[in-house]
Structures are given as structure tokens and as C-alpha cells.
Amino acid sequence: MWTLAPKCLRFTAGMRGKKRVKGSLVTVKNVEKNFGDFHVLKNISLEIKKGEFFSLLGPSGCGKTTLLRIIAGFEDPTSGAVFLDDRNVIPIPANKRPVNTVFQTYALFPHLTIFENVAFPLRLRKVTNNIVKDKVQEFLELVKLPKEGKKLPSQLSGGQKQRVAIARALINEPSVLLLDEPLSALDAKLRQHMLIELDAIHDKIGITFIYVTHDQQEALSVSDRVAVMNEGEVVQIGTPFEIYESPQTPFIAHFIGETNFIKGKVTEILNEKRAMVEFPDLGSSLTVYQDKSLIKGDNVKLTIRPEKIRISTEKPEGLDEKWNVLQGKVDELIYSGFQTKFFIEIGPKRTMFRVFKQHVKFFTDEKAINWKDNVYIWWHNNDGYIVEVEAL
Ligand SMILES: Nc1ncnc2c1ncn2[C@@H]1O[C@H](COP(=O)(O)OP(=O)(O)O)[C@@H](O)[C@H]1O
Ligand SMILES: [Mg+2]
């Protein structure tokens, strides 16, 4: 398994270091789009920084491609504007915008060699042969295909074809590259590999990338920031860390990774950051972290990620009041090598909790936990997050 260093750190390092930021600032202002009676985009406003790797993440049909097509110029918004730096580009046709797009399908010319596919945008501009030769070679090297120029697209793998498409999209040196689910035709392993490459390309050329995906893992692993979309609206914008750790609605918490939800009622405000909440389905009151200025009587929904919950057949000792401890019974468990997923039944309503236990040393670390075992589960109250509040 591989992991990437947090992109935000690399991005900052890059900004301070050798990286030259050449991309445009992209500002989307109050964009609305109707197809007939269908309101596809609802008052979208975004500010994407120069050189940022920005993702639009949301389920299929939420309007990601439509928004990308409006930025590219293939589609006009019903109202609103798109600025590249200080210029409103809505009146400018797609082929005159300093923007290029990589699509899910590679859209290579099958009868042209790889070299000529990449050279195509330069040929249209009647660039001289010598320059074409050098530039195409430079961009084939950038996408790690330096020796494939003479081949035809049919002689390349899916991942290689997508790299050719990326080289072709970059050769005119756009200031913004739009990528619409560019990896979704590839298998999972290759997708991860291509993501690392895409990230390296982004770091090298330093232009603004806007990356569309419905895959939360993809968006979290490469983006500086992510806009989560749902039903034509942007519902949260933040770093991958913020989106995962502090989802602003149950939809976001649910869409980004797996989670548990429990509903409760605030019975006491302990201090600015903590409240006592009664959870009838659990038959317990718990201390919860909160950043929502709760008041007594508020109905709340708490989310807690399965990997943040500890589990044992033995009662945990020495925990202070910041820990929430519950008792339950193992209803199901799924062993998957690096971890086990437990489904724990808790409280009078037999509420199901997911708990993921990472195997550090599976055979020796602790007593095994089996089906139907009575267990304790516990988490630090900082790790729960209130995603919804309804006032009295
Ligand atoms: N040209 C069109 N005419 C009518 N409806 C469209 C058109 N393009 C997209 N839609 C609809 O708009 C919604 C959003 O589509 P799209 O932007 O492709 O979503 P996503 O890329 O997030 O899957 C979908 O319901 C889709 O059917
Ligand atoms: Mg789409």
C-alpha cells in the first residue's frame, strides 16, 4: 500500500521552494444553469487559486461536468460569470480560452501516431517542425512516454493513452487544465499509480488543475482543496482534512468515507466546546465536542468515524471523562487482512456501530474478538463531530 504525504504540506513547500506558479486564478461567480425546467447548477461560487489542485467531488448527476464545461466554454451558464484572473471569459469561445480539458475517454486520433496526436494542437497553430519536435519530446518525457512517439494509440495501454491525452492537453501551455474523471476507465491499481503521476506533473508545471471525480479517495489524496457538490450545489469547500474531519452535513459525512450517526438531545452545556447529550437509542448520555454554539434542548446528530473507535472484550482502564465508553455485542465481523470491520449492536434499540480495527500485530497484540462477544467500545470525544443541529 502507498500513501501520499499530505498534499497541503507539499503544496506549501512547493510554493516556497522551486515551484513557479503559472496558472490562473479561476473565479466562478453565482453560476446558474438550467436545462429546460431542470435546475442543474444552483448559485455556484468558487475561487480556485493560481496553481492549485482543486477537485469537484460529488455523486453522479450532481452537475460536476456541467460546471467544468461552463469553465471550459463548451456551455454557457444561464446566469453568473467565470473569471480567469481578472477577465470574464463567458464571451470568449472555448478555443480562445487558455484552458484545456482531459476527458474520461481519451479521444485520441486512432490513425495518427502518438507523436502526431501530441503535436496536433501545435500543427493547428502552424508551429515550425523543429519546435514541434522539441516540444512534443519534452511533453512525452513529462508523461513518461519518451520512446512511444512512433506507435499508434491502439498499441498503448489505457493508462498510456490517458498520458498521451494529458500531454496533448498541456502542450499549448494552458493556464488551467480541466480533468473530467480522467482515470475512471482504468483499473484500481493503475488509477492509484496514475494519480501519483498526475500529482507529479502538476507539481512540475505549476498550473491550475480542476479535477472532477465521484471518487472520494481520489479527491482526498491529491487535492489542495475540494468542493463537495450535491444536487447542483456546492455544499462544502475545504482541504481534504477539513472535509473528512469536519463535514458540515450528514450527506458529506456519509459520502466521504464510512461513518456512524447517532441522534441525541442536548441536556447540558458544559463549556464553550463541550455539551452533554442524551442518546435514547444508545440508552446513554455522552460528552460531545461541539463547534456549533449549541443550546440546551437542541436536537443533534453526531458522527463518529469507525476507525476512531477502539474495541476490546476487556473494560478499558484509566480513562478520564473525555472518553465515551459503551458496551455492546459483536453482531458481525469482516476480516480483510489489514483490518477487521466490526458491527456492534448497542443499547435498547440495538443500534449498529461500525468499528474498524487496524491489525498492528494481529496474532499477538490482544485477545481475539469473536462473533457474539460482549465488548467495550470507546472513543475520545474530540473525535466525534456534530453534523446537524435542529433547534427546539
Ligand atoms: N445537455 C443537457 N441537457 C439536459 N440535461 C442535461 C444536459 N447535460 C447534463 N444534463 C443533466 O444535468 C445533470 C448533471 O449532469 P452532469 O453535469 O453531467 O453531472 P455529473 O458530471 O456530476 O455526473 C444530470 O441530471 C444530467 O442528466
Ligand atoms: Mg460527469
Side-chain angles (χ1 to χ4, degrees), residues 2 4 10 14 18-24 51 53 68 72-74 94-213 218 221-222:
W2 54 267
L4 288 172
R10 287 176 291 140
K18 60 186 181 331
K19 180 163 147 184
R20 218 151 46 96
V21 176
K22 294 178 264 182
S24 286
F53 197 132
L68 213 64
F74 300 131
N95 61 359
K96 297 269 164 32
R97 296 187 191 184
V99 171
N100 224 331
T101 310
V102 177
F103 301 97
Q104 176 186 345
T105 50
Y106 323 116
L108 301 180
F109 303 112
H111 58 289
L112 294 183
T113 61
I114 299 310
F115 183 96
E116 285 304 329
N117 263 283
V118 176
F120 190 77
L122 302 177
R123 300 285 187 213
L124 284 182
R125 284 172 39 212
K126 312 239 178 309
V127 175
T128 60
N129 262 338
N130 274 351
I131 297 176
V132 169
K133 208 168 145 230
D134 289 351
K135 277 209 98 170
V136 170
Q137 195 52 35
E138 180 190 337
F139 279 82
L140 284 176
E141 276 166 26
L142 177 75
V143 297
K144 298 204 170 144
L145 294 172
K147 298 201 175 108
E148 317 294 339
K150 292 204 174 74
K151 291 188 177 165
L152 287 169
S154 59
Q155 294 171 289
L156 299 189
S157 70
Q160 288 175 321
K161 281 186 219 169
Q162 194 53 294
R163 288 184 214 191
V164 176
I166 291 167
R168 186 180 57 185
L170 289 172
I171 201 154
N172 270 342
E173 303 189 7
S175 61
V176 181
L177 185 68
L178 307 176
L179 302 114
D180 193 354
E181 314 239 8
L183 309 182
S184 57
L186 309 177
D187 69 50
K189 272 225 166 114
L190 191 56
R191 214 156 55 220
Q192 294 196 335
H193 184 73
M194 281 294 293
L195 262 185
I196 298 179
E197 303 240 314
L198 202 55
D199 192 37
I201 291 170
H202 173 255
D203 283 350
K204 248 187 223 153
I205 60 175
I207 64 167
T208 310
F209 274 28
I210 306 180
Y211 187 90
V212 159
T213 179
E218 271 184 24
S221 58
V222 287

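Position 1 is the first residue of the sequence, and the numbers go up from there. Bear in mind that the values here come from a model prediction, so they are computed numbers and not experimental data.
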Can you measure from OG (Ser24) to CD1 (Ile207) and round to the nearest 0.5 angstrom?
9.0 Å
Taking side chain as C-beta onward, heavy atoms only, is Leu170 less than 4.5 Å from Ile205?
yes
State whether the side chain of Asp180 and the backbone N or O of Phe103 hold a donor-acceptor pair below 3.5 Å, judged by distance alone.
no
Taking atom OH of Tyr211 and atom CG of Leu198, what is their separation to the nearest 0.5 Å?
6.0 Å
Do the non-hydrogen side-chain atoms of Val102 and Leu178 ever get within less than 4.5 Å of each other?
no
Measuring only between side-chain heavy atoms, which start at C-beta, is Leu145 closer than 4.5 Å to Gln160?
yes
If you take all heavy atoms of Leu122 and Lys135, which pair is closest and at what distance?
CD1-CB, 4.0 Å
Under the rule for side-chain contact (heavy atoms from CB on, under 4.5 Å), what residues qualify as partners of Asn129, not counting sequence neighbours?
Arg123
Quick note, ring-ring contact (aromatic ring centres under 6.0 Å, His included) partners involving residues 111-135, not counting sequence neighbours, are Phe109-Phe120
Within the 4.5 Å heavy-atom criterion, are Pro121 and Ile171 side-chain neighbours or not?
yes
How about Asp187: does its CG atom have over 12 heavy atoms from other parts shown lying under 6.0 Å from it?
yes
Any side-chain heavy-atom pair from Ser175 and Lys22 closer than 4.5 angstrom?
no
To the nearest 0.5 Å, how far apart are CG in Leu142 and CD in Glu197?
9.5 Å
Below 4.5 Å, heavy atoms only, C-beta onward: do Leu179 and Ile210 meet side chain to side chain?
no
Side-chain H-bond candidate by donor/acceptor type, Ser184 with Gln104, under 3.5 Å
yes
Take Leu140 and Val118 through the test side-chain contact (heavy atoms from CB on, under 4.5 Å) and record every step on the way to the result.
CA-CA 8 Å; Leu140 284 176; Val118 176; 3.9 Å; yes
Side-chain heavy-atom pair His202, Leu177 within 4.5 angstrom cut-off:
no
To the nearest 0.5 angstrom, please state how far the CD1 atom of Ile201 sits from the CD1 atom of Ile166.
5.0 Å
Minimum side-chain heavy-atom gap Ser221-Leu195 below 4.5 Å:
yes
Nearest heavy-atom approach of Gly51 to Thr208 is N-OG1, 3.0 Å
Could you give the side-chain donor-acceptor pairs of residues 147-156 under 3.5 Å, partners two or more places apart or in another chain?
residue: Glu148; atom: OE1; partner: Lys151; partner atom: NZ; Å: 2.8
residue: Gln155; atom: OE1; partner: Leu152; partner atom: N; Å: 2.8

Approximate separation, where rounding is to 0.5 Å, of His193 NE2 and Leu183 CG:
11.5 Å
Specify the closest pair of heavy atoms between Asn100 and Ala169, including all atoms of both residues, with the distance to one decimal.
ND2-O, 3.1 Å
Pair Glu138 + Lys133: basic N to acidic O under 4.0 Å:
no
Asn172 CG to Arg125 CZ distance, which is reported to the nearest 0.5 Å:
4.5 Å
